[in-house]
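Along the sequence shown, residues carry numbers from 1. For ligands, and for the atoms within them, numbers begin at 1 and follow the listed sequence. Remember, it's a predicted structure, so these values are computed and weren't measured experimentally.
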Amino acid sequence: MKEACGVFGVYAPGKGVAQLTFDGIYALQHRGQESAGMAVSDGEAITVVKDMGLVTTVFDERTIACLPGDLAMGHTRYSTTGASEWRNAQPVYRSVGGSGFALGHNGNLTNTDELAEKAGMFPGVVASDSDFVAELLAAEFPASVDGESAPEGALESALKTVLPLLEGAFSFVVLDASHVMGVRDAHGFRPLCLGRLGPADQPEGWVLASETPALDIVGATFVREIEPGELVIIDDSGVRSEQAIATDLTDPHLCIFEFVYFARPDSHLYGKEIHAARRRMGERLAAQAPVEADLVMGVPESGVPAAEGFATATGIPHGQALVKNRYIGRTFITPGQGAREDSVRRKLNPLRENIDGKRIVVVDDTIVRGTTQRAVAKMLREAGAREVHLRISCPPVTWPCFYGIDIPRRDELIAADSTISELEEYLGVDSLAYLSLENLIAAIDAPGAGFCSACLTGSYPAPVPVALSATVSTSTPRHAAPAPA
Ligand code: SF4
């Protein structure tokens, strides 16, 4: 499972916004490693720099120094729609008459085919969701006379027209020459928060970011999460907000995997620190599925906090049994199962003295295809483990995601049609247990919080796109959740 983009925006005249944006997207690197980019405005012209690769590959000191401005936005990309190539790197930029705007998007729209047809777009012309939204916004700008700039407020007005038409999961940041704006979809699938630079009584700037560590790194104070359906506009008059998409604010659907896996451990969502929530998942997992063992280990790195919690709750020592090669990136093309298992071996290597003759509890956050867990179990047994018990800090993933996370087709999800004993046999473990959804939500411990858990339950909170619904079930009607298995 891969994250699907990080977005960042800053309005801070005189503060070196390109450097702040570099720092912000560097803190969001875990959300996407395929391409990075930023758009900087000096109040008149917008300059966009983007390329394939990590933030530190795309930007150096000289590039940052050449980007003076008062407001900026940045993006790190993992592709879920649109190929992983330069033309789909973000921000996307559109010039309309004498005006321009740039946009960076996180998520996945589910009704692009219908909207494209209505807008008369040729199939395939618009390669990605961000391009698509940019096209819709550009179409709402007033016609330019002799290249004149669009009137003040043109982008805001275009957003208010277009946003209610969009379905699916999206958090995006968009800027024109003098405004930075942030938007969250009606369900709040993807996170987006607001921070302040400077003291509360004399703000020096404002920041929008996918996750709170991007606020920390630029010295901003967390103000609040952007509400589902909310449009936030930041300019020289401060911060304004509007409910641009009508929604039920008492029924949000933040992707539950932000807590399980995607978000950084030092992030805060719904007022809860992710690392502490993951530890509690491990504690509850221990109470739900105890086992006698000599060592608890987390699959590096995202399984480690839950392993700590499991060890604390059981009194079994927590230790390291596998070392991760920290220089591994998303560089491997892994077309088949054999190649995927090889890539696990490149990534992880056993510490034999910690393993030999021991009964080991392996804690991981998710099983998708089972590749990692099967390779880990094999590695541990080859290194002398006497028993291998697998504990997973979320329920089985049995349905695809249509909201921007690349969870594969249902027939590739190993838990979709297998019993626990079939899985134990396939994965080569002595026992396997998953945290229940009830315990997962209890471990997050955010009263009143609402979640999407569609890939665990098959209950989709937003419409499933027509073209993709066949991957769930050939009879899945649009706007209807497929029946759970
Ligand atoms: S389907 Fe799963 S991965 Fe996708 S948004 Fe919902 S909880 Fe997250």
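The nearest N, O or S atom of C452 is closer to atom 6 (Fe) of ligand 1 than 2.8 Å. None of the N, O or S atoms belonging to C455 lies under 2.8 Å away from atom 8 (Fe) of ligand 1.
One finds no salt bridge joining D176 and R94 here, because no Lys/Arg side-chain nitrogen approaches an Asp/Glu carboxylate oxygen to under 4.0 Å. Taking the charged nitrogens against the carboxylate oxygens, R280 and E273 have no contact shorter than 4.0 Å, which rules out a salt bridge.
Taking the salt bridge (charged side-chain N to carboxylate O under 4.0 Å, His left out) definition, one finds that D266 meets it with R264, sequence neighbours left out. Checked against salt bridge (charged side-chain N to carboxylate O under 4.0 Å, His left out), D445 has the following partners two or more places apart in sequence or in another chain: K272.
The only member of D364, L423, V299 that meets side-chain contact (heavy atoms from CB on, under 4.5 Å) when paired with Q373 is D364.
Taking a cut-off of under 4.0 Å to the non-hydrogen atoms of C255, the atoms of ligand 1 that pass are 3 (S), 5 (S), 7 (S), 8 (Fe). Near I405, meaning under 4.0 Å from one of its heavy atoms, ligand 1 places the atoms 3 (S).
With a heavy-atom cut-off of 4.0 Å, R190 touches ligand 1 through its side chain alone.
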